[in-house]
Amino acid sequence: MLGFFIIIGCGVIAAVFSTREWGTGWGMTCGVLGVLLAWAVLGLLLRRRIAARQQRVQEIMQAAQIKANRQIEMFQRRPPSSEKAARQILEKIQFDAVRGALAELENFRVFYKWNLMLPKQINAMKLQLYYQLREYGKVDELIPKSFLFDVQSVAIRLARLYRRGDAALDKVYRSSVRRFKGDNRAFLASVYAWMKVKQDQPQAALQALLDSKNTTDNPVMMENIERLTNGKIKHYSNSGFGDIWYALALEEPKVRTQRQQRGF
């Protein structure tokens, strides 16, 4: 809002001074040019400062990923006492990074008065981070205050509707899925189909996948279509999507356990 007033103010000042010197016609022209110039300069400055802070958030998460990868390498050299202990160590690394990223996102508040759309964009980032922390109450609070444009945010919204048993699940899915194509559409359709399978509605699950078949030939989706078509409902699986699927916390990844042999 403040940015709007500054831009308009620049236009008015340019119009007033140019009108005094060159007349009304030039005054209107200079006023419009003043608005455009102020909008371009202010927009450029804001984008640079916002991009710098976004880079900081990315660096926090990237550093955590590097740390987690190093920890996994250590586990391979010296296995932990149990799978649960390893998971707790990795989760702590992740959660510490997420909380650091959330703290960094609070610094964006200084820009809210300059860009009315920015709060909803930042809220969309926050809800994904809170979802990783499993603080679902905060996620539910942020969903109506966010721009849910990316497929992961929409999938999170569907997951929350599913977990709460909300009847709006079907309507929200139908209104959202049409915006996506390719692998993104395949993923969203597969998430929804998994939910319908769990709700004992395999036909609705199959139909959701078939409706997206013309826009993508994603192998995970095509394999699930074959399973549902052949009545192999219990074999339905989204594991092929990897981390993006398991990030929804609807299903735990299956880990193969190996027996360790001790040398004597």
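A quick note: this is a predicted structure, and the numbers were derived from the prediction, not measured. Scope of the values below: all heavy atoms of this structure, side chains included, with no hydrogens, waters or symmetry mates.
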Is [X] linked to [Y] within one hydrophobic cluster, defined over Ile, Leu, Val, Met, Phe, Trp and Tyr using a side-chain heavy-atom separation of less than 4.5 Å?
{"X": "Ile93", "Y": "Tyr246", "answer": "no"}
{"X": "Tyr130", "Y": "Val154", "answer": "yes"}
{"X": "Trp245", "Y": "Val177", "answer": "yes"}

Shortest non-hydrogen contact between [X] and [Y], atoms and distance:
{"X": "Pro202", "Y": "Leu228", "result": "O-CD1, 4.3 Å"}
{"X": "Ser146", "Y": "Leu127", "result": "OG-CD2, 3.4 Å"}
{"X": "Ser212", "Y": "Ala189", "result": "OG-CB, 3.6 Å"}
{"X": "Met61", "Y": "Ala101", "result": "SD-CB, 4.0 Å"}
{"X": "Phe147", "Y": "Ala124", "result": "O-CB, 3.2 Å"}
{"X": "Leu90", "Y": "Ala68", "result": "CD2-O, 3.9 Å"}

- Please test Lys213 against Leu209 for side-chain contact (heavy atoms from CB on, under 4.5 Å), starting from the C-alpha separation and ending with a verdict. CA-CA 6 Å; Lys213 188 177 179 181; Leu209 298 180; over 6 Å; no
Roughly how far, to the nearest 0.5 Å, is [atom2] of [Y] from [atom1] of [X]?
{"X": "Lys198", "Y": "Asp200", "atom1": "NZ", "atom2": "CG", "result": "11.0 Å"}
{"X": "Arg185", "Y": "Asn214", "atom1": "CZ", "atom2": "CG", "result": "8.5 Å"}
{"X": "Leu142", "Y": "Gln128", "atom1": "CG", "atom2": "CD", "result": "11.0 Å"}
{"X": "Ile66", "Y": "Gln62", "atom1": "CD1", "atom2": "CD", "result": "7.0 Å"}
{"X": "Phe180", "Y": "Thr216", "atom1": "CZ", "atom2": "OG1", "result": "13.5 Å"}
{"X": "Gln203", "Y": "Ile233", "atom1": "CD", "atom2": "CD1", "result": "9.0 Å"}

- Message: According to salt bridge (Lys or Arg N to Asp or Glu O under 4.0 Å), who are the partners of Arg78, at least two apart in sequence or on a separate chain?
- Response: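 Arg78 satisfies salt bridge (Lys or Arg N to Asp or Glu O under 4.0 Å) with no residue once adjacent residues are dropped.
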- Residue from Ile156, Leu158, Asn238 passing side-chain contact (heavy atoms from CB on, under 4.5 Å) with Leu248: Ile156
Check: [Y] and [X] side chains under 4.5 Å, non-hydrogen atoms:
{"X": "Phe75", "Y": "Ile89", "value": "yes"}
{"X": "Leu129", "Y": "Leu133", "value": "no"}
{"X": "Arg227", "Y": "Lys234", "value": "no"}
{"X": "Asp166", "Y": "Val172", "value": "no"}
{"X": "Arg164", "Y": "Asp140", "value": "yes"}
{"X": "Glu73", "Y": "Arg77", "value": "yes"}
{"X": "Gln88", "Y": "Lys92", "value": "no"}
{"X": "Gln58", "Y": "Glu104", "value": "no"}

- Item | Test side-chain contact (heavy atoms from CB on, under 4.5 Å) applied to Arg163 and Leu250, step by step | CA-CA 9 Å; Arg163 287 296 193 190; Leu250 294 172; 3.7 Å; yes
- Message: For the aromatic rings, using the six-membered ring if either is Trp, is the centroid distance between Phe241 and Trp194 under 6.0 Å?
- Response: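 No, they do not, as the ring centres are separated by 6.0 Å or more.
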- Determine whether the side chains of Gln94 and Gln132 contain a donor N or O and an acceptor N or O closer than 3.5 Å.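 Distance-only check passes for Gln94 and Gln132.
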- Message: Ignoring hydrogens and geometry beyond distance, is a side-chain donor-acceptor pair present between Gln207 and Asp211 at under 3.5 Å?
- Response: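 Asp211 and Gln207 do have a side-chain donor-acceptor pair below 3.5 Å.
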- Mind checking whether Phe111 and Phe108 have parallel, tilted or perpendicular rings, split at 30° and 60°? perpendicular
- Give the C-alpha distance, both sets of side-chain angles, the deciding distance and a yes or no for side-chain contact (heavy atoms from CB on, under 4.5 Å) between Arg179 and Val151. CA-CA 9 Å; Arg179 303 202 311 262; Val151 69; over 6 Å; no
Taking [X] for its side chain and [Y] for its backbone only, find out whether a donor-acceptor pair lies under 3.5 Å.
{"X": "Asn123", "Y": "Lys145", "answer": "yes"}
{"X": "Tyr173", "Y": "Ala193", "answer": "no"}
{"X": "Asn218", "Y": "Phe187", "answer": "no"}
{"X": "Ser153", "Y": "Phe149", "answer": "no"}

- Verify side-chain contact (heavy atoms from CB on, under 4.5 Å) between Gln199 and Leu169, making sure each step is shown before the conclusion. CA-CA 12 Å; Gln199 293 176 343; Leu169 173 64; 3.9 Å; yes
- Output yes when Arg99 and Glu135 qualify as a salt bridge under the 4.0 Å nitrogen-oxygen rule, no when they do not.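 Looking at Arg99 and Glu135, the cut-off is met.
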- Message: Check Glu91 with Lys84, please: is the shortest side-chain N to carboxylate O separation under 4.0 Å?
- Response: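 Looking at Lys84 and Glu91, the cut-off is not met.
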- Item | CG (Asn230) with more than 12 external heavy atoms under 6.0 Å |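 Yes, because the 6.0 Å sphere around CG of Asn230 holds more than 12 heavy atoms from other groups.
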- Query: Can you tell me if CE on Met74 sees more than 12 non-hydrogen neighbours from other groups inside 6.0 Å?
  - Reply: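 No, not enclosed.
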